[in-house]
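Before any comments, here is the structure.
So that the names make sense, note that chain A is the first sequence line, chain B the second, and so on, each numbered from 1.
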There are 2 protein chains.
Amino acid sequence: MTSENTPEASGRPLFSLQRRERLMDELRAHGSITVSGIAAKFGVSELTIRRDVNQLADEGLVSRVHGGATLPSPLDRSASGSHQQAHTYSIGMVVPSLDYYWPQVISGARAEAEEQNLRILVRGSAYDAADNRKQVQALLDHQNIDGLIVAPDMTGAEGQELLRWLNALPIPVVLAERRSPGEIPAHRLEWVATDHAFGAGVAVRHLWQEGHRKIGCLTDSSSPTSPHVVRGWKQAMAALKIPLEGSVSEDSAGLGNGDRSEHFDRILELCRDTGTTAMLVHSDTQAVAFVQHCVDHGVDVPGSMSIVGYDDEVAYLAEPAISAVRPPKRYVGRVAVQLMAARLAEGRMRPVHRVELNPELVVRDSSVGGPRNVTAGSLQGSAAQDSQELEGSL
Amino acid sequence: MTSENTPEASGRPLFSLQRRERLMDELRAHGSITVSGIAAKFGVSELTIRRDVNQLADEGLVSRVHGGATLPSPLDRSASGSHQQAHTYSIGMVVPSLDYYWPQVISGARAEAEEQNLRILVRGSAYDAADNRKQVQALLDHQNIDGLIVAPDMTGAEGQELLRWLNALPIPVVLAERRSPGEIPAHRLEWVATDHAFGAGVAVRHLWQEGHRKIGCLTDSSSPTSPHVVRGWKQAMAALKIPLEGSVSEDSAGLGNGDRSEHFDRILELCRDTGTTAMLVHSDTQAVAFVQHCVDHGVDVPGSMSIVGYDDEVAYLAEPAISAVRPPKRYVGRVAVQLMAARLAEGRMRPVHRVELNPELVVRDSSVGGPRNVTAGSLQGSAAQDSQELEGSL
DNA sequence: CCTGAATCGTTCACGTTCGAACATGTTGCT
DNA sequence: AGCAACATGTTCGAACGTGAACGATTCAGG
């Protein structure tokens, strides 16, 4: 699924306006695009993309270059004499991945930066503290940044030391999708993060409302998100009075492809033994694989096994399409830039802000119409109540 | 229009208004619609849908595209011109006090509202859920408010019921200085609150840094702030490895003036017995009284007893002036209005935001130059390190 | 500076979608 | 009942979005 042309799987091709919007997203996420790459990705001809790019260029939203387009650059003389004032500040941004999850965060950040008239410099990094620090240092040394948005690795002593170092930087720092401990060594760090525990809770309650009374959880503890998902799952289970012992809770950290298949088999077996009819699966990538595995082994989804994924990157591609909790990635980037802009404008008098955002649940086929009929009669009242309460978040 | 409110009978075609509403629902659910698809789904001709779409586009609710419609897009240049910003909103604000703490919050809210071109209607209330609700209801009934900022009483079953009621209101609600539980019954409530636990921690660390090794805590549990202060005190004590047992921790809830004097005497006695040389006192009003009491009874402040107040309303009036943790009241109001303005502008697509703000410590005479000289030599290093770390927040 | 390869824009063709004009059915009012 | 106002459906020529072919242009590497 990497370089293969993956024409947008959903039925109808995109409208031109949507296509241009997505094109801008890609542009903001990666800084530049190629005509051929986008054409393949969107499943349309290159000519169409060229026309889009030209239109966007006429509106001054992109800079045309041979073979593709970039974000509007001051070097682009075709900039229609627009009174673009000089960038007030430059913000560095260091994220741990440029292919998964983060492009949308970057896209949101760039969109907000444009409104605030800021410049953003993005660098990818590995998922470890040492490289985080190296990338930040590079921005500090070679670019002239006035602020830093970063999603550092916070695990272990090295992570703590990195936090301490970030806290002591002479420029303002905003963490994205990370929470600094609200204590002294990191008290100057502002942050914006998704409340993944809430998201997991919404997913569990949705499954409960669909009639499931045994709800399992599969996560990958090598992701920084995982602990929060597990916490939210446990909290929701407690609130719904589902006992934790006897519930399926599995971790697939560090499994290869072969192991994974075995692991899925074991999970299905566990589910059978415990009567578990629904699973919350962290990382929708893994959810897609799990659904695939179920379908391949004759387990009906959602009939025998309902599934909600966590993260909504590729969930819609699966067959059946997977319900997924969608973190507000774009807003994470937006808010990070808002915090930074306000900090740069207002200085030290402004109190440290810390922002949590709620994700939303996107309901697709993999989680509706499960075992509801079995228990519908006796649970009608409770389900109706839950439905009303949940309404607003869907 | 058609005055009969005919509940939707299957088979009967929808009225145009209902149809447009459902069209918007489809749009919000899928991000885009096709004329042909919707026409088939609603069982009407494509032309009808086109007319609906055009009307909605004229109102700026959708973006017209060839073959269908999408959610309003900034790339849609037909929308940019009309842009009716003249529509200003009214926000109701209900706070539990109009003479203590809240005036500054209101002031900040008013300042931000002016910038955002909003109108604010403030009502005072008592510190109980029933009256909170009454005041909110009055705003809803007699003013025409588009949003609500409120600091409700959340204690007990009545408080929970109030939260549930607020959550179900048809207008957006932002809590000020209150945290709704991040769970389902209140999942639509946004809030902004000061991290009082952090503030208490800063105070404790400041006293530690001044050389104190036994630090007590005096609060008034009848205030909603108190539990957080106590929690922060305990956390900081744990982090600094000061044992909780043997530490002075007192509550002055519901004491009259005479009782209070006795209580202060008892506290001073406890401090003598336990070797406590510093106290964190919640509500600076009480801190002022306590300092007064100390001075009147020959206890030197800060020589024999260092004091940091929590809240910074009147702390500077005491003799000696009292160091105090100052919550960013003005910003609480500002952020509440910012959240509301953004919510009103962006609608339901915007994820729920929850914001925490850090207070700052204002150091005055009541907490400097205490017992430091006694232990300075051996603790120099540690104190210096803490000093550096604390610097930014002061 | 030259050359091959990639990229670009123009023109044409095809199918879909659009909207004006007119026709018809429905609702509400006098 | 009759009429007016409105909502909806049908028809048909025009407009639009897209893709293929082909010649013109630009780029990269000697």
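- Taking the side chain to side chain contact (heavy atoms under 4.5 Å, CB included) definition, one finds that Arg28(B) meets it with Met24(B), Asp25(B), Leu71(B), sequence neighbours left out.
- A search for side chain to side chain contact (heavy atoms under 4.5 Å, CB included) contacts involving Ala315(A) returns Asp284(A), Asp312(A), Ile322(A), Ala324(A), Arg364(A), not counting sequence neighbours.
- Rounded to whole angstrom, the span from the CD atom of Gln18(A) across to the P atom of dT18(D) amounts to 11 Å.
- The distance between atom CG of Asp52(A) and atom P of dT18(D), rounded to the nearest whole Å, is 7 Å.
- Toward the 5′ end of DNA chain D lies the nearest nucleotide of Ser45(B), the other residue of the pair Val44(A) and Ser45(B) mapping further downstream.
- Residues meeting the side chain to side chain contact (heavy atoms under 4.5 Å, CB included) test with Asp300(A), sequence neighbours left out: Ser304(A).
- Distances shorter than 4.0 Å separate some side-chain N or O of Arg19(A) from OP1 or OP2 on dT18(D).
- Remark on the helix from dC1(C)-dG30(D) to dT30(C)-dA1(D): inter-end axis angle 40°, axes from five-pair C1' superpositions, rounded to 10°.
- For an aromatic pair to be called close, the ring centres must be under 6.0 Å apart, and Tyr310(A) with His196(A) satisfies this.
- Applying the ring-ring contact (aromatic ring centres under 6.0 Å, His included) rule to His293(A) yields the partners Phe264(A), His297(A); only residues at least two apart in sequence or on another chain are considered.
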For every nucleotide of nucleotides 3-19 of chain C, 5' to 3': is a protein heavy atom under 4.0 Å from its base (B), only from its sugar-phosphate (S), or from neither (-)? ----SBS-------SBB
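- Applying the salt bridge (Lys or Arg N to Asp or Glu O under 4.0 Å) rule to Glu313(A) yields the partners Lys329(A); only residues at least two apart in sequence or on another chain are considered.
- With sequence neighbours excluded, the residues forming a side chain to side chain contact (heavy atoms under 4.5 Å, CB included) with Arg51(B) are Leu47(B), listed by chain and number.
- Judged as a salt bridge (Lys or Arg N to Asp or Glu O under 4.0 Å), and not counting sequence neighbours, Glu319(A) has no contacts.
- In terms of phosphate contacts, Thr48(B) brings a side-chain nitrogen or oxygen within less than 4.0 Å of OP1 or OP2 of dG9(D).
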